[in-house]
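Worksheet: the structure to be examined is printed underneath.
In what follows, every chain begins at residue 1, and chains take the letters A, B, ... in the order their sequences are listed. Predicted model, so just to flag it, every value in this text is computed and none were measured.
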Amino acid sequence: MSEVVLELRKVTMKFGGVTALNEVDLVVKKGEILALIGPNGAGKTTVFNVITGVYKPTSGEVVFQGQSIVGIKRFKITKLGIARTFQNIRLFGESTALENVVTGADVHSKSGVVGAIFGTRRSRREEKANLERALELLEFMGIKKRAGQLGKNLPYGDQRRLEIARALATNPKLLLLDEPAAGFNPAEKVALAETIKKIRDAGYTILLIEHDMSLIMGVSDRVAVLDFGTKIADGTTTQVQNDPRVIEAYLGAPADAS
Amino acid sequence: MANLKASLNLRDKGAEFWERSPKWRRVAMAMSFIAFCYALPFLNNPLINTPGSDFQSVLFYPVGMYVLMAIGLNIVVGKSGLLDLGYVAFFAIGAYTMAILGTKTALNFWEILPIGVGLAMLSGVLLGTPTLRLRGDYLAIVTLGFGEIVRIFAVNTDSIGGSRGIAGIPTPPDFFNAKFTILDPKPYYWLLLTFTLLIIWMVRRMAARRPGRAWDAIRQDDDVAQLMGINTRKYKVWAFVLGAAVAGVGGVVYASQILSIVPDQFNLNISILILACVVFGGIGNVWGVILGAVLLAFTPERIRFLSQPRILVFGIALVVMMNLRPDGILPKKKREHFDPNWDTVEESGEGEIK
Ligand SMILES: Nc1ncnc2c1ncn2[C@@H]1O[C@H](COP(=O)(O)OP(=O)(O)OP(=O)(O)O)[C@@H](O)[C@H]1O
Ligand SMILES: [Mg+2]
């Protein structure tokens, strides 16, 4: 039916003795919001790190738009169309908000050092286009008035929004959001949920890590659940909500409590 | 301390004045500054004269040369955050290219210049490509080794004069009225100044565009830079190579002025001193770097009358300064920038994206 954007096939990721991911299968379809949930330390961020090439999986395949991307350099993966945000905000704090986003938009530019020195027509055209796109995205995220402020000086919530703008600037075919609502108050969460839906409606595909259940239930088309590195459920929000294994993972069987 | 605060404010005020100035005033200020630089050899001011050495020579070497090299090294250290302790190697390669081709072929200065720069860049690529994957300390050690290897290679290679070096390097051909001779350092100074201005202009263009953003990103967070799609390896090699090119220019000009070179002129001290200019002035800020280089090159000449203890005095002054201003005299300071258009937006989050 609908087109598969990303597929993880039996992905295992070991750190020394720790198995962070254990034969995880995952499919992300075009135009959907897939939520990835699970208790702390379940391996959610590790999934992002494997997809974006931060870690090479111990075994298994990561297929993006029909092409295996295991072992491909990180910047090339981003060029292919995967962009992410970070659980612990990692902006370029000494650059302005606008520069942060333009840096993302630069990905698809053709001109580089030589073009910049000689001010070629292509370089000037790309500079202008990237600047405009960045301003558009700042406006879309509701932080345009922050454009000239340094990343580190933005209020916390705006830093999270700026990370999304920066990732969107790369024009991703798949957008990975790692706990974008962490630290938000309920009103901010509602607003963010709307934004995420708008991003999807603009044609983007989103893989979302989130802890807030009401946010997840509100925005996701599907939900996948990780527990101790193993995928224990995958389906619609209702299916997952009623899955006994999920309930157990979240409420915690007494034997697991530590 | 109050004094230092005032100087800081002065800096901010200066930057603000510049930002608020209309274009014509900026052009006028820049032009007068440039004119002043070109007129420097004729200034006969007891404050800046150098008793004990010829002022016009001092302007060319060390002052002009240090400024040029510090601007080049700043691309590497300041813009992209790579620590290069063997920068003198590229200076040596430029100088030796001029010396060898100048004495063994009929090529003149202008023909040798691009070759010297090209060879410096090539060695930058050859050294940079394998080593720039190293981080911090390791890169510093490898580059330090490279600087020494180039010098030792020159000492041990008899076909390029060994430790006796190369003598009889030709001067550049006359340029309109300017005659390049050992007796008159002025034309060399002007030549160097012209190259320096050209390089500053190029660096500023790069800094404001994509390469500048890429270097900013790499310096701040290499991993995130990669994840934002920046080919960090490529941009680091570029920074390295551009730095090498600038040192190459310096080397060619230098050799054509002093007429004979020996390997020991290209020792580790030069690398360290140029790095000191960059750090002392303010890493990453081209005006700070220039000021740092001017002070570091000029002061020892200015106090030459102290003879023996002058280096000691100079060293103490350095230590005191670095304690007072650990980020350099004019540190890079990113100023927030506001466009009135941004303030008037209604933050409804309504915008559309494509
Ligand atoms: N680089 C690493 N080295 C060693 N262990 C790691 C590394 N990265 C992750 N781990 C381990 O892998 C497991 C999964 O971590 P991960 O960060 O993916 O969890 P998470 O689901 O994102 O948790 P949280 O909700 O707290 O963000 C944890 O036990 C963690 O300690
Ligand atoms: Mg996590």
Residue among [options] with most heavy-atom pairs under 4.5 Å to chain B:
options: S109(A), A83(A), G112(A); value: S109(A)
options: I199(A), L137(A), L135(A); value: L135(A)
options: T103(A), T195(A), N130(A); value: T103(A)
options: G203(A), S111(A), A167(A); value: S111(A)

Find out whether [X] and [Y] are in side-chain contact, i.e. whether some heavy atom of one side chain is under 4.5 Å from a heavy atom of the other.
X: F75(A); Y: I230(B); value: no
X: V107(A); Y: M228(B); value: no
X: R166(A); Y: V224(B); value: yes
X: D223(B); Y: R90(A); value: yes

Should the heavy atoms of other residues, nucleotides or ligands under 6.0 Å from [atom1] of [X] be counted, would the total exceed 12?
X: Y138(B); atom1: OH; answer: no
X: R204(B); atom1: CZ; answer: no
X: K189(A); atom1: NZ; answer: yes
X: K79(A); atom1: NZ; answer: yes

Can you tell which of R233(B), R210(B), K332(B) has the highest number of heavy-atom pairs within less than 4.5 Å of chain A? R210(B)
Please classify the contact of [X] with chain B as side chain, backbone, both or neither, using a heavy-atom distance under 4.5 Å.
X: A147(A); result: both
X: L80(A); result: neither
X: L131(A); result: neither
X: V102(A); result: both

Considering residues at least two apart in sequence or located in another chain, which fulfil the side-chain contact (heavy atoms from CB on, under 4.5 Å) criterion with S95(A)? F92(A), E99(A), N100(A), D216(B), Q220(B)
Please report the interatomic distance [atom1]([X]) to [atom2]([Y]), rounded to the nearest 0.5 Å.
X: Q226(B); Y: I77(A); atom1: CD; atom2: CD1; answer: 10.5 Å
X: L227(B); Y: T170(A); atom1: CG; atom2: OG1; answer: 10.5 Å
X: K73(A); Y: T232(B); atom1: NZ; atom2: OG1; answer: 9.5 Å
X: S123(A); Y: M206(B); atom1: OG; atom2: CE; answer: 11.5 Å

Does anything in residues 114-122 of chain A get under 4.5 Å of chain B by heavy atoms, and if so which residues?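 The list, in residue order, reads V114(A), A116(A), I117(A), F118(A), G119(A).
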Portion of A207(B) that has a non-hydrogen atom of chain A nearer than 4.5 angstrom: neither
Going through the distances and angles, do E127(A) and R213(B) end up as a side chain to side chain contact (heavy atoms under 4.5 Å, CB included)? CA-CA 11 Å; E127(A) 286 290 321; R213(B) 285 189 294 272; 3.0 Å; yes
